[in-house]
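What follows is a short report on a single structure.
Letters A, B, ... are given to chains in the order of the sequence lines, protein chains preceding strands, and every chain is numbered from 1. Since we're looking at a predicted model, the values are computed, not measured.
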Amino acid sequence: MRRGILAAALGLGLSAVLAGPAMTEQSQWGPYQVGDVRSGYTYAAGETRDMQDDDFVNPAMLWVDSGAELWETVDGAAGKSCASCHGDAAESMAEAGTKFPVYFEPSGKMMNLEQRINFCRTENMKADAFKWEGQELLRLTTFVRNQSRGKPMNVKIDGPAAPFYAKGKEFYETRRGQLDMACSSCHVDNAGNMLRANLLSQGMSNGFPTYRLKWQGVGSLHRRFRGCNKQVRAQPYDYGSEEYVNLELYLADRARSLPVEAPAVRN
Amino acid sequence: MAWRLHSSLRVVLSAAIFAALPLAVAAEELVAYKITNKTSIENSLTGKPGDPVNGRKVAINRKQGNCLACHALPVPEQPFHGEVGPDLSAAGSTLSEGAIRLRIVNPKAVNPDTFMPAFYRNDGFTRVAKKFQGKTILSAEQVEDVVAYLMTLKGN
């Protein structure tokens, strides 16, 4: 089925080349482009896209598979696993990957998927929270997000989320660090341009957690934020910080309607 | 009562220790310069001409000028040249030395919206990483070396 879609996408890509500029780029990239919004997939090298497209080659499927085991693993004083309450993740988590971060009433803040998983662990399972960017949290997050693969990103930014969205947007547009650059300096103003050997993408978040060839492993969106901040010689924020969760909300809206790709493969 | 005494003592002690430490991030003293007509810095920051051979190295070095990140330069041995900023192959025949100098020192003086960092500025930034606080990207000497290098680029 997925092969069929890929073949169709490739076929369309080829005909777009043959037909010239009359064909829109939309058809070239299939679901990976919605209007002007382009997934990082469309900026990735062909061999990188091939890695993502084939589950038997995509190295991040190891995280999905081991995450599936964690889903079933009983842990904590309550003697529960994720499955004890949520059953079959394919059903119960089908939308989870599309809608985080969500407003969380008890804290009065936004909560992302990693934080939701850890909330379940500490409150419902009576287990220890997984460490940020530790392999267990990456595995489970990748597994859960993967249940929504192919579904459009659909985060809520109105109501109680609105002020957090505004903060995320402000972060995105604020120059920072000794290089004095904002997220938007690269990912809006210069998307599609080469920055030395790197092709700047629109910085879409729909593929996270992502396997990066540079990392030789799966990493969270917040790891990517920290990397970007360090590259402009700015002090990064902590994993799971309010600043990054708000930024995550803004990015989720930027990527609205793009399909969840987790786990994507990128350079 | 005992706790309060202890607590206030700690405050006094930590304040004393803190005051004894040198400021963690004292800003470097920068060479003063004058901007002419909002377009150029006429005088060399070091009072002498830069070294174009070293300037070429600084322009290539990823931890120094890294000009190639954004600009194309006549540096054939480096495979990747950025396309964020203009091609600089003829910078030396299209801009004056003073105009080039200002664009390296602080291009925001020419265009506040530019993507380009200010290579000789050490304040007015947001949340700079600790190891770069109070520091410029390039030294005054390195700025002059890059100016001298760019002035040698006259296109074909």
Side-chain angles (χ1 to χ4, degrees), chain A residues 43-45 48 167-203 213-214 222-239 241-247 250 267, chain B residues 24-25 27-28 30 59-73 75 77-88 103-139:
Chain A
Y43 294 94
T48 311
K167 283 183 194 168
K169 183 173 194 292
E170 191 192 350
F171 187 108
Y172 192 82
E173 292 166 353
T174 301
R175 288 176 182 263
R176 65 190 67 243
Q178 191 195 36
L179 301 196
D180 203 25
M181 290 168 186
C183 309
S184 57
S185 305
C186 283
H187 299 294
V188 176
D189 302 344
N190 282 292
N193 285 334
M194 294 297 289
L195 192 73
R196 210 151 181 172
N198 297 311
L199 178 59
L200 292 170
S201 75
Q202 293 179 357
L213 302 173
K214 182 181 166 182
H222 291 203
R223 180 174 178 188
R224 191 70 191 85
F225 289 164
R226 287 172 61 84
C228 269
N229 280 175
K230 288 178 197 167
Q231 276 175 323
V232 299
R233 300 184 174 181
Q235 187 68 30
Y237 288 87
D238 288 338
Y239 289 102
S241 63
E242 230 179 300
E243 287 83 359
Y244 280 173
V245 175
N246 293 339
L247 179 60
Y250 180 68
N267 301 338
Chain B
V25 279
E28 285 170 26
L30 299 195
I60 293 170
N61 189 313
R62 288 167 194 271
K63 294 196 183 295
Q64 296 178 4
N66 197 17
C67 306
L68 285 176
C70 295
H71 300 282
L73 288 165
V75 180
E77 74 274 21
Q78 289 286 327
F80 299 107
H81 297 211
E83 47 189 32
V84 167
D87 186 324
L88 297 180
R103 279 166 172 78
I104 297 169
V105 166
N106 183 11
K108 275 130 193 161
V110 181
N111 170 17
D113 297 326
T114 185
F115 180 86
M116 186 170 162
F119 286 84
Y120 194 68
R121 189 178 136 194
N122 64 356
D123 61 5
F125 300 126
T126 302
R127 212 177 152 82
V128 176
K130 281 200 181 69
K131 72 179 201 186
F132 297 109
Q133 281 176 18
K135 298 199 168 84
T136 57
I137 301 174
L138 296 180
S139 67

Taking A/Arg233 for the side chain and B/Gln133 for the main chain, is one N or O donor matched with an acceptor at less than 3.5 Å? no
Using a cut-off of under 4.5 Å on heavy-atom pairs, state which of A/Thr174, A/Asn190, A/Val232 scores highest against chain B. A/Asn190
Just jot down the side chain to side chain contact (heavy atoms under 4.5 Å, CB included) partners of A/Met194, sequence neighbours excluded, or say none. A/Leu199, B/Glu83
Quick one: what part of B/Asn66 sits under 4.5 Å from any heavy atom of chain A, side chain, backbone, both or neither? both
Against chain B, label A/Asp189 side chain, backbone, both or neither, depending on which of its atoms sit under 4.5 Å from a heavy atom there. neither
Let's test your reading of the structure: which of B/Gly85, B/Ala69, B/Gly124 forms the most heavy-atom pairs below 4.5 Å with chain A? B/Ala69
Heavy-atom count around A/Glu170 CD within 6.0 Å, excluding the residue itself: above 12? no
Just to verify, which of A/Tyr239, A/Tyr237, A/Tyr244 counts as forming a ring pair (Phe, Tyr, Trp, His ring centres under 6.0 Å) with A/His222? A/Tyr244
Please answer whether the main-chain N or O of B/Val75 pairs with a side-chain N or O of B/His81 as donor and acceptor at a distance below 3.5 Å. yes
Region of B/Arg62 in contact with chain A, defined by heavy-atom distances below 4.5 Å: both
Below 4.5 Å, heavy-atom pairs only: which of B/Lys108, B/His71, B/Arg121, B/Lys131 has the largest tally toward chain A? B/Lys108
For A/Leu200, is there any backbone N or O sitting under 3.5 Å from a side-chain donor or acceptor partner on A/His187? no
For B/Lys135, is it the side chain, the backbone, both or neither that has a heavy atom under 4.5 Å from a heavy atom of chain A? both
